[in-house]
Amino acid sequence: MHRIRNLSTLAMIILVPMLVYYPYEALSWNLELSFLDPGKWTRNDSWVHPDAQIATGTRIVFFTVWLIPTILGWLAYVTGFSILLLLRRGTVFDDRIADRLIWMGALIFGSASTSLLAGAVSPMIRSWHNPDGPLPLRFWYDSGNIGMTFCGLGFLFLGIVMREAIRIARENEEFV
């Protein structure tokens with residue numbers, strides 16, 4: 001149990017900066033592109049016509065589309081931190097750990113899959129105001145996001161298996 005406490009403490013120390021850095025990194029480019037540097041939307045971009053006038057509503061839609069995966073990813077980090085906190089306190093084979101693993105897996109899956117979706121609709125949203133009309137959906141796939149989608153499913157399934165194992169262990173204890 002001592003090793004679990006030490007490892008969870010170390011992981012928490014590593015995870016704390018990520019709780020700040022992840023949303024900063026994910027939002028900084030989005031905020032700059034959407035609101036802070038309005039000219040960046042049309043400057044040196046192959047998707048957007050240089051003379052296009054970008055409406056504020058379009059910028060809000062784009063920002064929101066990319067905000068959703070960021071929020072889901074940050075919540076996955078918070079859920080992971082709560083798992084580490086439970087482990088540090090000595091809680092190992094418990095329904096709370098299993099439930100949080102399921103939540104963390106679902107949040108990672110949601111973040112990665114909505115990020116893939118955001119990448120597919122981004123050219124269309126950014127080109128809404130082009131004189132020739134918007135670009136079509138772009139089926140863009142990032143191997144990192146696809147990998148994270150499968151990692152999320154892995155955590156989700158691990159949590160489900162852990163929950164079932166805890167239930168079976170409790171049933172077996174009742175028979176003895």
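Everything numeric here is computed off the predicted structure, so don't read it as measured data.
Under a hydrophobic clustering in which Ile, Leu, Val, Met, Phe, Trp and Tyr are joined whenever their side-chain heavy atoms come within less than 4.5 Å, directly or via other members, Leu84 and Leu10 fall into different clusters. Linking ILVMFWY side-chain heavy atoms closer than 4.5 Å, directly or via other members, places Leu75 and Tyr22 in a single hydrophobic cluster. Residue Leu85 is grouped with residue Leu15 when hydrophobic side chains (ILVMFWY) are merged at heavy-atom distances under 4.5 angstrom, including chains of intermediate members. Using a 4.5 Å cut-off between side-chain heavy atoms of Ile, Leu, Val, Met, Phe, Trp and Tyr, with links allowed through other members, Ile97 and Met1 fall into the same hydrophobic cluster. Residues Met162 and Ile108 share a single hydrophobic cluster, defined by chaining ILVMFWY side chains whose heavy atoms lie under 4.5 Å apart.
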Exercise for review: Given side-chain contact (heavy atoms from CB on, under 4.5 Å), test Phe62 with Leu33 step by step and report yes or no.
Suggested key: CA-CA 9 Å; Phe62 182 83; Leu33 181 64; 3.5 Å; yes
Exercise for review: For Tyr77 and Met104, run side-chain contact (heavy atoms from CB on, under 4.5 Å): C-alpha distance rounded to whole Å, both residues' side-chain angles, the deciding distance at 0.1 Å, then the answer.
Suggested key: CA-CA 8 Å; Tyr77 276 115; Met104 188 173 75; over 6 Å; no
Exercise for review: Please test Thr58 against His129 for side chain to side chain donor-acceptor pair (under 3.5 Å), starting from the C-alpha separation and ending with a verdict.
Suggested key: CA-CA 9 Å; Thr58 303; His129 302 286; 2.5 Å; yes
Exercise for review: Begin from the C-alpha positions of Val48 and Ile54 and carry the test side-chain contact (heavy atoms from CB on, under 4.5 Å) through to its verdict.
Suggested key: CA-CA 9 Å; Val48 184; Ile54 312 304; 4.1 Å; yes
Check your understanding: Yes or no on side-chain contact (heavy atoms from CB on, under 4.5 Å) for Ile60 and Phe35, after CA distance, side-chain angles and deciding distance?
Key -> CA-CA 8 Å; Ile60 292 170; Phe35 304 113; 4.0 Å; yes
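Taking a cutoff of 4.0 Å between a charged side-chain nitrogen and a carboxylate oxygen, Arg163 and Asp94 do not qualify as a salt bridge. A salt bridge does not link Arg170 to Glu174: none of the charged side-chain nitrogens sits closer than 4.0 Å to a carboxylate oxygen. Here Arg43 pairs with Asp37 in a salt bridge; the nearest charged N to carboxylate O distance falls below 4.0 Å.
When all heavy atoms of Ile102 and Ile160 are compared, the closest pair comes out as CG1-N, 3.6 Å. The shortest non-hydrogen separation linking Phe63 to Asn30 is O-ND2, 3.2 Å.
Judged by distance alone, the side chain of Ser111 and the main-chain N or O of Leu107 form no donor-acceptor pair under 3.5 Å. In this structure a side-chain-to-backbone donor-acceptor pair under 3.5 Å is missing from Thr79 to Arg100. Not a single donor-acceptor pair under 3.5 Å links the side chain of Asn145 to the backbone N or O of Ala112. Ser115 contributes no side-chain N or O that, together with a main-chain N or O of Pro69, makes up a donor-acceptor pair within less than 3.5 Å.
Interatomic distance, CG of Leu36 versus CH2 of Trp29, reported as 13.0 Å (0.5 Å rounding). The CG atom of Leu101 sits 13.0 Å away from atom CZ of Arg96, with the distance rounded to the nearest 0.5 Å. Summarising the geometry, atom OG belonging to Ser113 is positioned 11.5 Å from atom CE belonging to Met148; distances are rounded to the nearest 0.5 Å. Atom-to-atom distance recorded for Phe109:CZ and Leu153:CG is 5.0 Å, nearest 0.5 angstrom. For the atom pair Ser122 OG and Leu135 CG, the distance stands at 11.5 Å (nearest 0.5 Å). To the nearest 0.5 Å, the span separating CG on Asn130 from CE on Met124 amounts to 12.5 Å.
No hydrogens or angles considered: nothing links the side chains of Ser34 and Trp66 as a donor-acceptor pair under 3.5 Å. Between the side chains of Thr9 and Arg88, at least one donor-acceptor pair of N or O atoms lies under 3.5 Å.
By the 4.5 Å heavy-atom criterion applied to side chains, Ser127 and His49 are not counted as neighbours.
Below 30°, between 30° and 60°, or above 60°: for Tyr21 and Tyr24 the angle between ring planes is between 30° and 60°, a tilted geometry.
The number of heavy-atom neighbours closer than 6.0 Å to CH2 of Trp74, taken from other residues, nucleotides and ligands shown, is 12 or below.
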